[in-house]
Protein chains: 2
Amino acid sequence: MVALQRETVDSPLIPPLNFSMSAPGIYRSGYPNSMNHAFMKKLRLKTILYLCPEEYSESNTAWCRANNVQIVQCGILPNKEPFQFIPEDVVADALRVLLDCRNHPVLMHCNSGKHRSGVVIGTLRKMQGWSLTSIFDEYRRFAGSKVRILDQQFIELFRVESVAYDKEHAPRWLR
Amino acid sequence: MVALQRETVDSPLIPPLNFSMSAPGIYRSGYPNSMNHAFMKKLRLKTILYLCPEEYSESNTAWCRANNVQIVQCGILPNKEPFQFIPEDVVADALRVLLDCRNHPVLMHCNSGKHRSGVVIGTLRKMQGWSLTSIFDEYRRFAGSKVRILDQQFIELFRVESVAYDKEHAPRWLR
């Protein structure tokens, strides 16, 4: 029998909102705050991919600096009817970051971990060749009652050929 | 620019119901069928951990044999009020299988990928030191409207010290 270290019993680890592992080397979540830093340390991250256009929080920026984690920002405004649409080229940029093993492990996040993150993971699944039914089911698991038709439409229409990722450094599971 | 292989465009991959990656080396899902085999091949599984007491399906058994995947069965009857309770010792057995890197990558599944799988992953999170709020949030993400209080109670009361896992072969992320 093995006793767990006391630390794990005393102060629980708190993953960021809507945290999940999407594939080897790739995590997704909502916006982390300082309560999540102890948890994030366990992930031994190399990169944070930040999907919002706003400046990154001071607390996370300081934590990344202290832990030698690079911050990559691909600022996306979420889909909003009737006139605001997620830009395809920025999503393609985000995918290029995710699909470069030199950035792994990477934590990608937006604000709630539902819509922008859901769209990027949805397009990643499309590149992996998943059926649309499975892609939308996963999207819904995180979006819950906040499913956005425009997000699903974006995923359906997204042209995977537009992603100029570096094949030499792509993860084995994509090939 | 890089073109994806035609195969991924022609025949979509279909992950099993409620499929997700829980941690490096560990996947969870509902009961796979033959439509999921092409997808499962991409996971390069070493082990399937089957959580139901019924005999395993012929089609999956044959697929495992052909793909050199070992099948480990930890048969659990789900929680059902008022008199049927998940046995703690069998959940501990399942955790020992999950926490042995020599079995990785492992796909653990029950029938729907909601309750028994949710309970085992919930207790795994407890061993990882997650807060109960985060554990229940993840449980709910898969159970949706079918959340079972007895499952959550089981997770809350589960004694992590009862899991006699092999520390030498435990994944690095647990330590």
Side-chain angles (χ1 to χ4, degrees), chain A residues 1-27 35-36 38-39 42-44 92 96 99 105 125-135 137-138 140-142 144 159-168 170 172-175, chain B residues 1-27 35-36 38-39 42-44 92 96 99 105 125-135 137-138 140-142 144 159-168 170 172-175:
Chain A
M1 257 180 41
V2 181
L4 282 177
Q5 284 167 14
R6 282 221 58 71
E7 183 197 272
T8 61
V9 180
D10 290 339
S11 46
L13 294 170
I14 304 176
L17 206 70
N18 263 332
F19 172 81
S20 180
M21 187 162 200
S22 299
I26 301 182
Y27 301 97
M35 292 184 71
N36 311 125
F39 173 86
K42 297 249 176 190
L43 302 177
R44 299 163 196 260
R96 276 197 294 118
L99 292 174
R125 298 315 190 192
K126 204 168 170 179
M127 295 185 72
Q128 289 181 269
W130 286 30
S131 71
L132 274 179
T133 309
S134 318
I135 293 173
D137 190 56
E138 183 181 42
R140 179 209 47 77
R141 208 179 297 141
F142 291 89
R159 297 165 302 109
V160 291
E161 320 81 61
S162 72
V163 184
Y165 69 98
D166 182 342
K167 236 185 166 169
E168 196 189 330
R172 204 173 62 157
W173 45 258
L174 188 71
R175 293 173 222 164
Chain B
M1 254 180 39
V2 181
L4 283 177
Q5 285 168 11
R6 282 219 58 72
E7 183 195 273
T8 61
V9 181
D10 291 340
S11 46
L13 293 171
I14 304 176
L17 205 69
N18 263 331
F19 171 82
S20 179
M21 188 164 200
S22 299
I26 300 182
Y27 301 97
M35 290 184 72
N36 310 126
F39 173 85
K42 297 245 176 194
L43 302 177
R44 298 165 198 257
R96 276 198 293 120
L99 292 173
R125 297 314 190 192
K126 204 168 170 181
M127 296 185 71
Q128 289 182 270
W130 285 31
S131 71
L132 275 179
T133 309
S134 318
I135 294 173
D137 190 55
E138 183 181 42
R140 181 209 45 75
R141 207 179 297 140
F142 292 89
R159 295 166 304 115
V160 291
E161 319 82 61
S162 72
V163 185
Y165 68 97
D166 183 343
K167 234 181 167 170
E168 196 189 330
R172 203 172 64 156
W173 45 260
L174 188 70
R175 294 174 220 165

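Reminder, nothing fancy here: chain letters follow the sequence lines and each chain counts from 1.
- Nearest heavy atom pair, residue A:P12 against residue B:W130, reads CB-C, 4.2 Å.
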Q | Test side chain to side chain contact (heavy atoms under 4.5 Å, CB included) applied to B:R172 and A:R44, step by step | A | CA-CA 11 Å; B:R172 203 172 64 156; A:R44 299 163 196 260; 3.3 Å; yes
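- Heavy atoms closer than 4.5 Å to chain A are found in the backbone of B:A23, but not in its side chain.
- A:S20 and B:R141 get closest at one heavy-atom pair: CB-NH1, 4.1 Å.
- Note on B:G144, B:P15, B:S22: by heavy-atom pairs under 4.5 Å with chain A, the leading option is B:P15.
- Per-residue counts of heavy-atom pairs under 4.5 Å with chain B were compared for A:N18, A:L17, A:D137; the largest is that of A:N18.
- Taking B:I14 as the reference, A:S131, A:S134, B:M35, B:N36 meet the side-chain contact (heavy atoms from CB on, under 4.5 Å) condition, with sequence neighbours excluded.
- For A:F19, the ring-ring contact (aromatic ring centres under 6.0 Å, His included) criterion is met by A:Y27, A:F39, not counting sequence neighbours.
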